[in-house]
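Worksheet: one structure, shown below.
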Number of protein chains: 2
Amino acid sequence: MTTASIKEVARIAGVSIATVSRCMNSPDKVSEKTRIKVQDAILKTGYTPNTLAQSFRRGRTNVVMVVLPSIGDPFFTDVMRGIRNAADAKGYSIIINETQFNTMTADEIAAMVVSRQTDGIILLASMSPFGTEVLSAKSHRALPIVVGCETVAPELTVFPSVHIDNVAAAKEATNYLISRGHTRIGLICGAANSLLTKDREFGYRAAMHEAELGIEDGWVVNGDLTIEGAIRATRSLLNHSHRPTAVFCTTDEMAIGCLHSAKSVGMRVPADLSVMGFDDTRYAAVTDPPLTTISQPATEIGERVMYRLCREIEQGRQSSSGDNRPELVAHRLIVRESVAEPAAE
Amino acid sequence: MTTASIKEVARIAGVSIATVSRCMNSPDKVSEKTRIKVQDAILKTGYTPNTLAQSFRRGRTNVVMVVLPSIGDPFFTDVMRGIRNAADAKGYSIIINETQFNTMTADEIAAMVVSRQTDGIILLASMSPFGTEVLSAKSHRALPIVVGCETVAPELTVFPSVHIDNVAAAKEATNYLISRGHTRIGLICGAANSLLTKDREFGYRAAMHEAELGIEDGWVVNGDLTIEGAIRATRSLLNHSHRPTAVFCTTDEMAIGCLHSAKSVGMRVPADLSVMGFDDTRYAAVTDPPLTTISQPATEIGERVMYRLCREIEQGRQSSSGDNRPELVAHRLIVRESVAEPAAE
DNA sequence: GAGTTTACTGTAAACGTTTACATTTTGCAC
DNA sequence: GTGCAAAATGTAAACGTTTACAGTAAACTC
């Protein structure tokens, strides 16, 4: 299975290896006649360029790494689809790094770029503050990195980003619950290190505050971004002495757990409890009842993030383009059936 | 951002580059004293080996490609987790190739290995017969390929594989429905080119035949492996003049669509219609009602597939170990609440 | 202390490309 | 045909490793 090399092709075509190389990379610099000879030789030998040698020589792998909490979450699946679309169009491959199951540190991640294993990084998951510090330190604004989905942490503002306005969206979601007459609203949020859900929590708190509604102790519970976690969180919420009539879950995944948990103790949704999700994943429309939620253009975000990263990579490590303001994309409230007026007491 | 090279380290440590290389790859061959000198130099320069150069020189990328229909399906997410576990342990990175959204042909896939971009391939998705032919032709038993989850197509028996006995499992599922008293049982199957679901269909037909139950025209419907497809399929099934009292869905994903579709036209599950799934994804336990389904050890399959691939890669392209019998893993029937006796007529 | 093994280190080639530079060929104007 | 510019091609170095081989130093054996 030894593959033919460029040398073999050159020999057969009766030209130098430089000419063969040119045939593939800048065909306009080589005459019609020789191009045909070389083409024939390539066909005859079944030559494919050794990508390893190319990458080595060019100093580029055309591989980018995506760091995210979990590809299991259908929201990220959609983002990934966008990233992949763009990557295909631009000739890049993707390596995925799940922070949830993988202990790769920021140092190691940076090392992958530094050691040239990867041309750039897409961050869909906030890392520990320490981690982000490492990244921005290592970078000296040099690692091509783009942040997606999340508001960018202060230490990370050196990197460009693409996302919705999570604070505004969460405010909108909370205000919708308020507009339906709820005053006692609970929150199932993500882990403390998830900026994304922190922002949503912030939006919720802002909305409650503006509406002059109080948030009692025990109304904000960590659901850990998983179904299981949300089941536990809901149980705790429902056992509260002064329990909420509505729950805002900062992801659909957790809303699914919440729905299940509430129903399993005999509550009807939305009659006894209203549930609001976030993300509008493909499951949101088929839960029972279908979820009222916030929709994000996940695939579009993925595409834009990837294209942005390509720009970072292409324009090279020197020119710090300067314009790193976040690209904001639009979200949308999707009204389905999991939210209703609270029952009269 | 020019990274220090081995030469720089050698210069600082006052040794040859060969010694530096040995320090990293076979430290036992170098004296304590020089090892320390070199370590110091590495620290001082912040040297990281250029992985591109290493890959090039070694002729190995430590990257493997996984071909699957869609990472969106939570079942495959679990398989991927297993693959990733094993890959991490063995020092490999993963590149994912979704056939559903990607038109990469078998030729191109093979090319990735031939051109050394990838050390091996894990096939979780059957490809078109043509595609598999290309792969086995290209291979001359040379491409390291392992098939996972699926029964191996006849043309692919040259490759090792890891999966459950899909036929037996589907038979078991169908027999369970029969044991609960159902005689009119429908099937929502996958696309025609999905061997996996073909096998399950085969198991269903075998069970029905052995129980001397007929399968009417229109009882077997293609659900396209998606929620949407299953919703349509269910609608068609329920409109059947002699409609089934139970439906076996060959994936949980489709069972979710089926559940939703049935309930949306006012049927109660399982009172009016029993629904059986397959895969036991993380959503199966939280549907309403929770799904009775077949559980596969997805993560274990992933791990075993990856370890098997490592063996294929390591033992090299020459020795055709010969033992390519499928590794079978155990499945299990999970009884929840979506199946009951059929209502008396 | 000579001879022999062992442990360590250095030299240099090789991996398959790309590309700056030098050289040759072609095309064109006169 | 001569001269000259433009186009096409060849030569050879370079990219950063690994590794076979040769060489040297250290550690034994007698």
Side-chain angles (χ1 to χ4, degrees), chain A residues 1-39 41-42 45-62 91 111-119 317, chain B residues 1-39 41-42 45-62 91 111-119 317:
Chain A
M1 257 286 292
T2 41
T3 321
S5 82
I6 200 174
K7 236 183 252 169
E8 180 72 358
V9 176
R11 200 179 54 75
I12 304 228
V15 298
S16 76
I17 60 168
T19 303
V20 177
S21 175
R22 274 187 287 253
C23 267
M24 319 214 61
N25 300 315
S26 34
D28 48 308
K29 286 193 179 163
V30 57
S31 79
E32 181 74 15
K33 214 170 45 183
T34 43
R35 207 179 322 147
I36 292 175
K37 275 194 303 189
V38 171
Q39 287 295 1
I42 288 177
T45 54
Y47 167 72
T48 18
N50 181 325
T51 331
L52 259 48
Q54 285 182 322
S55 291
F56 167 52
R57 177 56 227 240
R58 306 209 251 237
R60 292 257 305 263
T61 53
N62 276 31
M112 287 197 69
V113 180
V114 173
S115 73
R116 306 281 173 68
Q117 203 152 301
T118 268
D119 294 342
R317 302 155 184 249
Chain B
M1 258 282 296
T2 41
T3 322
S5 81
I6 199 174
K7 233 182 255 174
E8 180 72 0
V9 176
R11 199 179 55 77
I12 303 227
V15 298
S16 76
I17 60 168
T19 302
V20 177
S21 176
R22 273 188 289 255
C23 267
M24 319 213 60
N25 301 314
S26 33
D28 48 309
K29 287 190 178 165
V30 57
S31 79
E32 180 75 15
K33 214 170 43 182
T34 43
R35 207 179 324 149
I36 291 175
K37 273 194 304 186
V38 171
Q39 286 296 2
I42 287 178
T45 54
Y47 168 71
T48 17
N50 180 327
T51 331
L52 258 48
Q54 285 182 323
S55 293
F56 167 52
R57 176 56 226 237
R58 295 177 176 155
R60 292 257 307 262
T61 52
N62 276 30
M112 286 197 72
V113 180
V114 173
S115 73
R116 308 280 173 67
Q117 203 153 299
T118 268
D119 294 342
R317 306 158 182 243

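Proteins get letters first, then strands, A, B, ... in listed order; numbering begins at 1 in each.
Side-chain atoms of B/Thr19 never come within 3.5 Å of backbone atoms of B/Val15 as a donor-acceptor pair (strictly under, hydrogens ignored). Distance alone, capped at 3.5 Å, places no donor-acceptor pair between the B/Arg22 side chain and the B/Pro27 backbone. With hydrogens and angles disregarded, a donor-acceptor distance shorter than 3.5 Å links the side chain of A/Asp119 to the backbone of A/Asn62.
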Grab the N/O contacts between the protein and nucleotides 8-15 of chain D below 3.5 Å, and write none if there aren't any.
residue: D/dT9; atom: OP1; partner: A/Ser31; partner atom: OG; Å: 3.0
residue: D/dT9; atom: OP1; partner: A/Thr34; partner atom: OG1; Å: 2.9
residue: D/dT9; atom: OP2; partner: A/Ser31; partner atom: N; Å: 2.9
residue: D/dT9; atom: OP2; partner: A/Thr34; partner atom: OG1; Å: 2.9
residue: D/dG10; atom: OP2; partner: A/Ser16; partner atom: N; Å: 2.8
residue: D/dG10; atom: OP2; partner: A/Ser16; partner atom: OG; Å: 3.2
residue: D/dG10; atom: OP2; partner: A/Thr19; partner atom: OG1; Å: 2.7
residue: D/dG10; atom: N7; partner: A/Arg22; partner atom: NH2; Å: 2.8
residue: D/dG10; atom: O6; partner: A/Arg22; partner atom: NH1; Å: 3.2
residue: D/dA14; atom: N3; partner: A/Arg57; partner atom: NH1; Å: 3.1

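Here A/Gln54 does not reach the OP1 or OP2 of C/dG16: none of its side-chain N or O atoms lies under 4.0 Å away.
Note: CZ (B/Arg60) to C1' (D/dT18) measures 14 Å, nearest angstrom. Between A/Leu52 atom CG and C/dT17 atom C1' there is a gap of 11 Å when expressed in whole angstrom units. If you measure from atom CZ of B/Arg11 to atom P of D/dG16, you get 15 Å, rounded to the nearest angstrom.
In summary, the side chains of B/Arg57 and B/Asn50 do not present any donor paired with an acceptor at a separation below 3.5 Å, with no hydrogens or angles considered.
You'll find the side chain of A/Pro49 reaches within 4.5 Å of the side chain of A/Met24, heavy atoms only.
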### Message
Test side chain to side chain contact (heavy atoms under 4.5 Å, CB included) on A/Arg58 and A/Asn25; report intermediate values, then the result.
### Response
CA-CA 12 Å; A/Arg58 306 209 251 237; A/Asn25 300 315; 3.7 Å; yes
